[in-house]
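Notes follow the structure.
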Amino acid sequence: MILLRLYVDLSEIIIKGFISIFVMPSKSYVMKMRTQNFKDISVNLPSVNYNQKIKQGLENLINSSIDKNKLIERELQAYFEQHPSAILGALSGVESNHNIYGNLVISQPQIKDFTGDRKPDFLVVTYNSLQLFFNFIEIESPNKSIFNGTKVELHGDFTHAYNQLKQWTANEASIKLHCQYLQDHLFKGNFNEARKTIKFNYILVYGHQDQLTQTPSTRSTELLNTYFDRNLHFCTYSRVLRDFPGTFGMFSVKRNAEDDTFKAIGMVPFTNYGSDEWSDFHNVTGKVDVVLQNPDLTDKQKSKLILQIEELDKKSITEIHKMVSEEPPSEFGEDLDDLDELI
């Protein structure tokens, strides 16, 4: 008997139960479900233990920053790169935040005219049937102050970080060009590829909830609301932890300017690389190296995954579409051994 977690976006209900025999929808049916804003029903679920471990690791980092009054932006950048699902709680205030386009987290997107500190730390694209939301994220240290003591007055560090987001909004021409570049390169051939309206969100991840409760709540909220509206969002690390999602297999990627490719640098472990995974990841290089280095996959799972990656990534998009259209419904049991090992 296997404990399976089935996620359904529209109701946001997690159904848990013991199962013995299920019939898995065909890949083409899963593709149709995606367009209806359902999460995939698949065996590519990270284990409950994995999610707990990653959330606990993030919480330990945040607490160390607060307890020791230590700046840890570099450590957080590295942690989010290695474990891309850990940053997704920052999306809780944006639209369609459960639908991650391509199941990818982009580290330090290289936007023209954005250099040094002006460069966003992360970019996560979310979507619905009509729109793509490009969510640019700036992370600061959890120990940084939001207000000046108990005064309802924003701290200089906070206004400096906020002004960085404002600089992004003032240069949306460069951002639009970069988003089009991503659609033409990283996301090219994605099964959900279609003409969609593009929108932008700019998210500041900064400080923690305790800093908000140390000032008069009504006045401090009113002050923050004057700064953050429409597509500007503010999220504390307390909320990142609170809204930490259990998610499906993902990669984090970073652009290699030398050969204009996107290289995998981290992953949420998964055990099957089929046509849906090809859709998300076929333009990503270095996947095999990241799989080999992942401590949460067994040698057997790694070997199987690497064989699937190498086999499918050789195929053209025409061959993949033909494979999907001809693929009969498969029985859910084919990958239950892998799921059992992950759980």
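Heavy-atom basis, side chains included; hydrogens, waters and symmetry copies ignored. Throughout, numbering of the chain's residues begins at 1 and tracks the sequence. The shown structure was predicted, so the numbers you read here are calculated from the model rather than taken from an experiment.
For the salt bridge (charged side-chain N to carboxylate O under 4.0 Å, His left out) condition, the pairs that include at least one residue of residues 281-293, sequence neighbours left out, are K287-D313. Within the structure, every pair that satisfies the side-chain hydrogen bond (donor to acceptor under 3.5 Å, both in side chains) test and touches residues 131-146, not counting sequence neighbours, is listed here: S65-S141, S65-N143, N69-N143, E73-K144, T126-N135, N128-Q131, N135-N201, E138-Q164, E140-K144, S141-N143.
A donor-acceptor pair under 3.5 Å links the side-chain atoms of D121 to the main chain of I139, judged by distance alone. At distances below 3.5 Å, at least one donor-acceptor pair connects side-chain atoms of N163 with backbone N or O atoms of T159. Looking only at distances, no side-chain donor or acceptor of E95 sits under 3.5 Å from a matching main-chain atom of F133. Formation of a donor-acceptor pair under 3.5 Å by the H282 side chain with backbone atoms of K188 is found in this model. Judged by distance alone, the side chain of S252 and the main-chain N or O of G266 form a donor-acceptor pair under 3.5 Å. A donor-acceptor pair under 3.5 Å links the side-chain atoms of K302 to the main chain of L292, judged by distance alone. Distance alone, capped at 3.5 Å, places no donor-acceptor pair between the N283 side chain and the F262 backbone. Put simply, the side chain of E277 gets close to the backbone of G274: a donor and an acceptor are under 3.5 Å apart. Put simply, the side chain of E193 gets close to the backbone of G189: a donor and an acceptor are under 3.5 Å apart.
The heavy-atom pair separating Q183 from F134 by the smallest distance is CG-CZ, 4.4 Å. Annotation for D229 and N225: closest pair CB-O, 4.4 Å, computed over non-hydrogen atoms. For the pair G249 and N103, the tightest heavy-atom approach, listed with the atom from each and the gap, is O-CB, 3.7 Å. Of all non-hydrogen atoms in P245 and N51, the two that sit nearest each other are O-OD1, 4.4 Å. Pairing each heavy atom of A257 with each of Q110, the nearest pair is CB-OE1, 3.9 Å. The two atoms that bring L58 and A86 nearest to each other are CD2-O, 3.7 Å, heavy atoms only.
Between the CD1 atom of I106 and the NE2 atom of H178 there is a distance of 6.0 Å, given to the nearest 0.5 Å. Atom CG in N97 sits 8.5 Å away from atom CG in D243 (nearest 0.5 Å). In this structure, CG on L204 lies 9.5 Å from CG on L232, to the nearest 0.5 angstrom. Atom CZ of R242 sits about 6.0 Å away from atom CZ of R239, to the nearest 0.5 Å. Residue K196 holds its NZ atom at 7.0 Å from CG of L130, rounded to the nearest 0.5 Å. Summarising the geometry, atom OH belonging to Y206 is positioned 10.5 Å from atom OH belonging to Y237; distances are rounded to the nearest 0.5 Å.
Residues I87 and Y79 share a hydrophobic cluster, clusters being chains of Ile/Leu/Val/Met/Phe/Trp/Tyr side chains in contact below 4.5 Å. Under the 4.5 Å side-chain heavy-atom criterion for ILVMFWY residues, a single connected hydrophobic cluster contains both Y127 and I198. Hydrophobic clustering keeps I265 apart from L182 (ILVMFWY residues linked when any side-chain heavy atoms are closer than 4.5 Å, directly or through intermediates). Neither V125 nor L177 shares a network with the other; the hydrophobic side chains, linked directly or stepwise wherever heavy atoms of I, L, V, M, F, W or Y lie under 4.5 Å apart, form separate groups for each.
More than 12 heavy atoms of other residues, nucleotides or ligands shown are found within 6.0 angstrom of CZ on F200. Other residues, nucleotides and ligands contribute only 12 or fewer heavy atoms inside 6.0 Å of the NZ atom of K176. Within a 6.0 Å sphere centred on CD of Q82, heavy atoms belonging to other residues, nucleotides or ligands number 12 at most.
Residues F80 and V105 have side chains not in contact (no heavy-atom distance under 4.5 Å, counting atoms from C-beta outward). No side-chain heavy atom of Y227 sits under 4.5 Å from any side-chain heavy atom of F158. You'll find the side chain of S85 stays beyond 4.5 Å of the side chain of F248, heavy atoms only. Inter-residue side-chain proximity for E59 and I62 is flagged as unmet; no heavy-atom pair is nearer than 4.5 Å. Taking 4.5 Å as the limit, some side-chain heavy atom of N60 sits within range of a side-chain heavy atom of Q56. Side-chain atoms of I111 and W168, non-hydrogen and from C-beta on, never get closer than 4.5 Å to each other. Between L165 and I203, every side-chain heavy-atom pair lies at or beyond the 4.5 Å cut-off. Side-chain contact check for L312 versus I320: some heavy-atom pair is nearer than 4.5 Å.
With sequence neighbours excluded, the residues that form a ring-ring contact (aromatic ring centres under 6.0 Å, His included) with F187 are Y101. By the ring-ring contact (aromatic ring centres under 6.0 Å, His included) test, F251 pairs with F270, F281, sequence neighbours left out. For H160, the ring-ring contact (aromatic ring centres under 6.0 Å, His included) criterion is met by no residue, not counting sequence neighbours. When the side-chain hydrogen bond (donor to acceptor under 3.5 Å, both in side chains) test is applied to Q167, the partners found at least two apart in sequence or on another chain are R118.
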Determine whether L224 and F147 satisfy the following criterion, side-chain contact (heavy atoms from CB on, under 4.5 Å), listing intermediate values before the conclusion.
CA-CA 10 Å; L224 288 171; F147 298 101; 4.2 Å; yes
Assess whether side-chain contact (heavy atoms from CB on, under 4.5 Å) is satisfied between Q77 and S107, documenting all intermediate values.
CA-CA 8 Å; Q77 182 82 28; S107 176; 3.1 Å; yes
I137 and L91: CA distance, side-chain angles, deciding distance, side-chain contact (heavy atoms from CB on, under 4.5 Å) verdict:
CA-CA 9 Å; I137 302 173; L91 302 177; 4.2 Å; yes
Applying side chain to side chain donor-acceptor pair (under 3.5 Å), run through Y202 and E172 and close with a yes or a no.
CA-CA 11 Å; Y202 308 100; E172 283 197 346; 2.7 Å; yes
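Ring-centre distance between F228 and Y162: below the 6.0 Å cut-off.
A donor atom on one side chain and an acceptor atom on the other are found under 3.5 Å apart for Y181 and D260.
Ring pair F191/H321 is tilted by interplanar angle, where 30° to 60° counts as tilted.
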